[in-house]
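Below: one structure, written as structure tokens.
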Amino acid sequence: MITISKQSLMAILATSLLIASGNAQMQAQAQTGLLAGVKLGYSLPSGDFKNLLKNSNNSTKDGGISGGFFTGFDYAINPIISIGAEWGADYAHQFSQVSDSTSTGNLKLSLLSIPFFITSKFYAPGVSGLNVFGKVGYAYNRISGKLSDVSSDISSSHFDPVVAAGVGYKIAQFNLFAQYQYNWLKSDALVNLQNTSLKGGLSTISIGVSYTLSA
């Protein structure tokens, strides 16, 4: 007959509890459910939107405050990986400016973007709450501006690619995150010094928080 000592039984029990605790911790990482969040950051232009229409007669200023909100859903395909979709609205205020003392006066461009993302999120095993994520999709972008000495607005709308990546830390149903996002941009309403449409992009670094309503 096989006998088990009290010490062996206690060791088996302790190991079982540790395994169960580890499994419960992993199961508590990736989430399935609806989500919503907000973010606040700073945006910098690139390409033709950087140093907008710069010449010897004007001065330029790049960068502006940005913010947005989003909603969507996550689906946990295993304890540490989830996939999903997000959509929302972003606004970058006066991300590119030019002041011309000779003719057109001041021009300040802002962006309203409505992105749609396919998302993925990976939770680091053994590090409770730590996650990294990536997003890829398309956005409806409306660039608008107004010349200070012209009564009518300048605007241009396009659908352009958008990508994002970041790192987060989950506390219960909340995820605190920092994110980098890049929007490809173009505008037919203005032309560069080569008399072609403006092309470039907008880089945004932001912090935010999201909440997941678990299924």
So, do [X] and [Y] sit near enough that their side-chain heavy atoms are less than 4.5 Å apart?
| X | Y | answer |
| --- | --- | --- |
| Ser113 | Arg142 | no |
| Thr71 | Leu35 | no |
| Phe95 | Leu109 | yes |

Pair [X], [Y]: side-chain N/O donor-acceptor within cut-off below 3.5 Å:
| X | Y | value |
| --- | --- | --- |
| Tyr182 | Ser46 | yes |
| Ser144 | Ser155 | no |
| Asn131 | Asn175 | yes |

Cluster link Ile65 to Leu202, ILVMFWY, side chain under 4.5 Å: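 As far as the 4.5 Å side-chain criterion goes, Leu202 and Ile65 are not connected within one cluster.
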Verdict with supporting geometry, Ser203 and Tyr180, side chain to side chain donor-acceptor pair (under 3.5 Å): CA-CA 7 Å; Ser203 297; Tyr180 171 79; 2.9 Å; yes
Sole residue of Phe117, Trp184, Phe116, Tyr138 in side chain to side chain contact (heavy atoms under 4.5 Å, CB included) with Val162: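 Between Val162 and the candidates, side chain to side chain contact (heavy atoms under 4.5 Å, CB included) is satisfied uniquely by Phe117.
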Residue that, paired with Asp74, satisfies side chain to side chain contact (heavy atoms under 4.5 Å, CB included) out of Glu86, Gln31, Lys121: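 The side chain to side chain contact (heavy atoms under 4.5 Å, CB included) with Asp74 is passed solely by Lys121 among Glu86, Gln31, Lys121.
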From CA spacing to verdict: side chain to side chain contact (heavy atoms under 4.5 Å, CB included), Lys108, Lys61: CA-CA 9 Å; Lys108 301 177 181 181; Lys61 179 182 177 182; over 6 Å; no
Phe159-Tyr140 aromatic ring centre distance below 6.0 Å: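 Ring-ring flag for Phe159/Tyr140: true, centres closer than 6.0 Å.
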Verdict with supporting geometry, Ser214 and Gln173, side chain to side chain donor-acceptor pair (under 3.5 Å): CA-CA 8 Å; Ser214 297; Gln173 306 300 103; 2.7 Å; yes
SB check Lys39 Asp90 (cutoff 4.0 Å):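 Between Asp90 and Lys39 there is a salt bridge, with a charged N closer than 4.0 Å to a carboxylate O.
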Worked verdict on Gln179 versus Lys135 for side chain to side chain donor-acceptor pair (under 3.5 Å): CA-CA 10 Å; Gln179 174 181 287; Lys135 308 176 184 181; 2.9 Å; yes
Main-chain N/O of Gln94 paired to Ser110 side chain as donor or acceptor, under 3.5 Å: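 Here the side-chain-to-backbone pair exists.
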Over 12 non-hydrogen atoms of neighbours within 6.0 angstrom of CD1 in Ile77: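 Above 12, so yes.
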Phe177 vs Phe133, side chain to side chain contact (heavy atoms under 4.5 Å, CB included): CA-CA, chis, key distance, verdict: CA-CA 10 Å; Phe177 65 86; Phe133 57 86; 3.9 Å; yes
Contact summary for Thr204 and Ser66, nearest pair of heavy atoms: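 Of all heavy-atom pairs spanning Thr204 and Ser66, the closest is CG2-OG, 3.3 Å.
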Worked check of side chain to side chain contact (heavy atoms under 4.5 Å, CB included) between Phe49 and Ser187: CA-CA 9 Å; Phe49 297 97; Ser187 174; 4.1 Å; yes
Test log, rule side chain to side chain contact (heavy atoms under 4.5 Å, CB included), inputs Val38 and Val209: CA-CA 6 Å; Val38 294; Val209 59; 4.1 Å; yes
